Asker: 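What follows is a single structure, and I will ask about it in a moment.
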Amino acid sequence: MNFFDRLKNGLGTLFGVLVDTKAQVISGIKRAYDAYRSRGGPTGAEAGDEIMRKKERLRAVNDEIIHLRNKYMSNRGPSDRDRKRWNDLRVEREQLLSELNQGKEVRAAEKIIKTEDVIDKVEIDLETTHFLQGNAFDILGKQCHVCGRTMKLQWERRLSVVKPKDFYWGCTGWYVQQGDLRACTYSEKLQRNDYGLMTDTTAPEFSVTAEEFGIILTDKGTEKIIYTRLNDLKSDLSSGHRGVELVTCPVHGENMVLRQKQNPTGLLDTYFLACPHWKPNNTGCSFMEKLKSGPQLSALLKSETGRGVL
Ligand SMILES: [Zn+2]
Ligand SMILES: [Zn+2]
């Protein structure tokens with residue numbers, strides 16, 4: 001799956017590159033990309049079209065799975081025919097998810113190659129934790145040793161100041177409820193090499209330290225602008241019946257929906273991304289991304305609208 005052999009995300013950031021030079025990493029990506037292309041793998045606009053088609057099919061598959069499950073819940077049990085159909089759909093969904101991940105890998109590689117000149121290496125320390133937070137979306141290529149699901153870069157979201165040691169990898173099986181249990185609770189600490197990123201450092205957010213960025217966000221004027229921009233994005237997305245491109249649900253593969261909490265305590269408690277199959281009171285898909293830090297809000301705005309918060 002991780003055929004470019006590096007952890008990366010849709011923003012074109014590479015992870016786990018503390019010990020390598022930029023030249024080594026980029027030339028490795030280019031080699032893998034060229035090899036993929038010479039095998040006839042779709043790239044560019046063709047890859048984009050294929051992703052769109054597959055996402056469309058995935059939505060239909062998810063809807064049918066949910067329809068069958070609802071039917072089964074209200075009846076005594078599924079018929080043999082429904083059971084077989086359900087199994088076939090699950091297999092198809094797995095296949096689509098894996099093909100979509102491959103498509104994301106290709107797009108990420110293209111972004112990295114295109115932005116090669118502005119990519120720089122960043123070592124994560126107390127002053128640069130905002131680089132990790134702002135890049136913790138949909139990281140490709142990190143799989144759980146226990147169950148094979150995707151792992152997600154996590155930290156304790158209640159902390160207002162995050163230190164490098166507060167980050168960890170958590171299996172996305174944690175969001176899959178099986179009865180009273182979670183499908184997988186595996187987590188692991190970051191390794192030393194995980195504290196090295198290669199990313200576009202030209203965004204103004206990254207010209208300040210994590211602490212300075214936090215202070216900027218407490219400015220009332222800035223806060224107001226961010227609210228306005230997020231609300232604009234939210235209504236744009238909902239009038240187009242779209243989710244965000246930046247994050248997909250690891251279970252359903254669909255774009256996440258930008259939502260707003262009912263009684264928030266402030267800007268960093270207001271927004272979250274939820275799976276389109278999310279429902280209140282844990283009755284739907286529970287995968288969500290709490291947007292509890294400035295770097296996350298900024299990365300989301302940048303990726304969806306072309307401009308961050310500063
Ligand atoms: Zn797992
Ligand atoms: Zn979901």
Side-chain angles (χ1 to χ4, degrees), residues 1-2 7 9-10 15-16 51-52 54-70 72-73 86-87 89-101 103-104 136-155 157 167-191 194 234 237-238 241-261 271-291 296 300 304:
M1 169 54 53
N2 183 19
L7 302 184
N9 65 13
F15 296 78
I51 288 176
M52 290 246 293
K54 283 184 174 138
K55 278 192 175 171
E56 219 163 277
R57 175 65 196 146
L58 192 57
R59 266 197 298 278
V61 167
N62 284 330
D63 288 346
E64 198 179 338
I65 289 174
I66 289 163
H67 167 75
L68 285 174
R69 196 173 48 205
N70 290 344
Y72 161 67
M73 301 261 268
W86 194 66
N87 279 329
L89 287 166
R90 300 263 299 203
V91 170
E92 187 182 354
R93 177 159 76 184
E94 282 313 303
Q95 180 64 29
L96 283 166
L97 284 173
S98 119
E99 288 165 4
L100 275 169
N101 271 340
K104 285 185 194 173
F137 295 105
D138 244 13
I139 297 172
L140 302 162
K142 178 87 182 170
Q143 279 177 308
C144 173
H145 293 309
V146 178
C147 71
R149 286 183 180 85
T150 311
M151 293 198 86
K152 186 169 165 352
L153 188 60
Q154 299 274 28
W155 66 96
R157 311 268 158 148
F167 290 88
Y168 61 95
W169 295 102
C171 178
T172 51
W174 190 86
Y175 296 94
V176 180
Q177 201 82 30
Q178 292 179 342
D180 289 339
L181 297 174
R182 300 189 180 274
C184 183
T185 55
Y186 181 73
S187 69
E188 67 184 42
K189 285 185 182 165
L190 266 60
Q191 302 295 307
D194 290 334
K234 194 164 158 278
L237 291 168
S238 75
H241 302 287
R242 288 183 295 129
V244 301
E245 287 295 322
L246 182 60
V247 195
T248 56
C249 169
V251 182
H252 298 100
E254 294 181 41
N255 292 2
M256 300 280 277
V257 180
L258 180 59
R259 304 185 71 107
Q260 209 166 336
K261 236 174 109 172
Y271 300 96
F272 63 99
L273 298 171
C275 174
H277 301 289
W278 177 88
K279 285 197 184 72
N281 308 317
N282 260 334
T283 50
C285 176
S286 58
F287 185 71
M288 67 153 74
E289 184 89 52
K290 291 179 184 168
L291 300 171
Q296 289 172 284
L300 177 70
E304 304 297 322

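For ligands, and for the atoms within them, numbers begin at 1 and follow the listed sequence. In this text the structure is predicted, and so the values were computed from the model without any measurement.
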Asker: Between Met256 and Cys275, which heavy-atom pair has the shortest distance, and what is it?
Answerer: SD-N, 3.6 Å
Asker: Of all residues at least two apart in sequence or in a different chain, which pass the ring pair (Phe, Tyr, Trp, His ring centres under 6.0 Å) check with Trp155?
Answerer: Phe167
Asker: Any N/O/S of Cys171 under 2.8 Å from the Zn ion (ligand 1)?
Answerer: yes
Asker: Does anything in residues 169-178 pair up under side chain to side chain donor-acceptor pair (under 3.5 Å), and if so which pairs, sequence neighbours excluded?
Answerer: Gln154-Tyr175, Trp169-Asp194
Asker: Report the protein N/O/S neighbours of the Zn ion (ligand 2) that fall below 2.8 Å; do not count waters.
Answerer: Cys249 SG, His252 ND1, Cys275 SG, Cys285 SG
Asker: Listing request: all side chain to side chain donor-acceptor pair (under 3.5 Å) pairs with a residue in residues 55-67, at least two apart in sequence or in separate chains.
Answerer: Lys55-Asn255, Arg57-Glu92, Asn62-Arg93, Asn62-Glu254, Glu64-Arg85
Asker: Could you measure the distance from the CZ atom of Phe137 to the CG atom of Leu300? Nearest 0.5 Å is fine.
Answerer: 6.0 Å
Asker: Assess the residue pair Leu273 and Val257 against the criterion (side chain to side chain contact (heavy atoms under 4.5 Å, CB included)); give the C-alpha distance rounded to whole Å, side-chain angles, the decisive distance to 0.1 Å, and a yes or no.
Answerer: CA-CA 5 Å; Leu273 298 171; Val257 180; over 6 Å; no
Asker: If you have a sec, read the angle at the Zn ion (ligand 1) from Cys147 atom SG over to Cys144 atom SG, to 10 degrees.
Answerer: 110°
Asker: Give a yes or no on whether a salt bridge exists between Arg157 and Glu289, defined as a side-chain N under 4.0 angstrom from a carboxylate O.
Answerer: yes
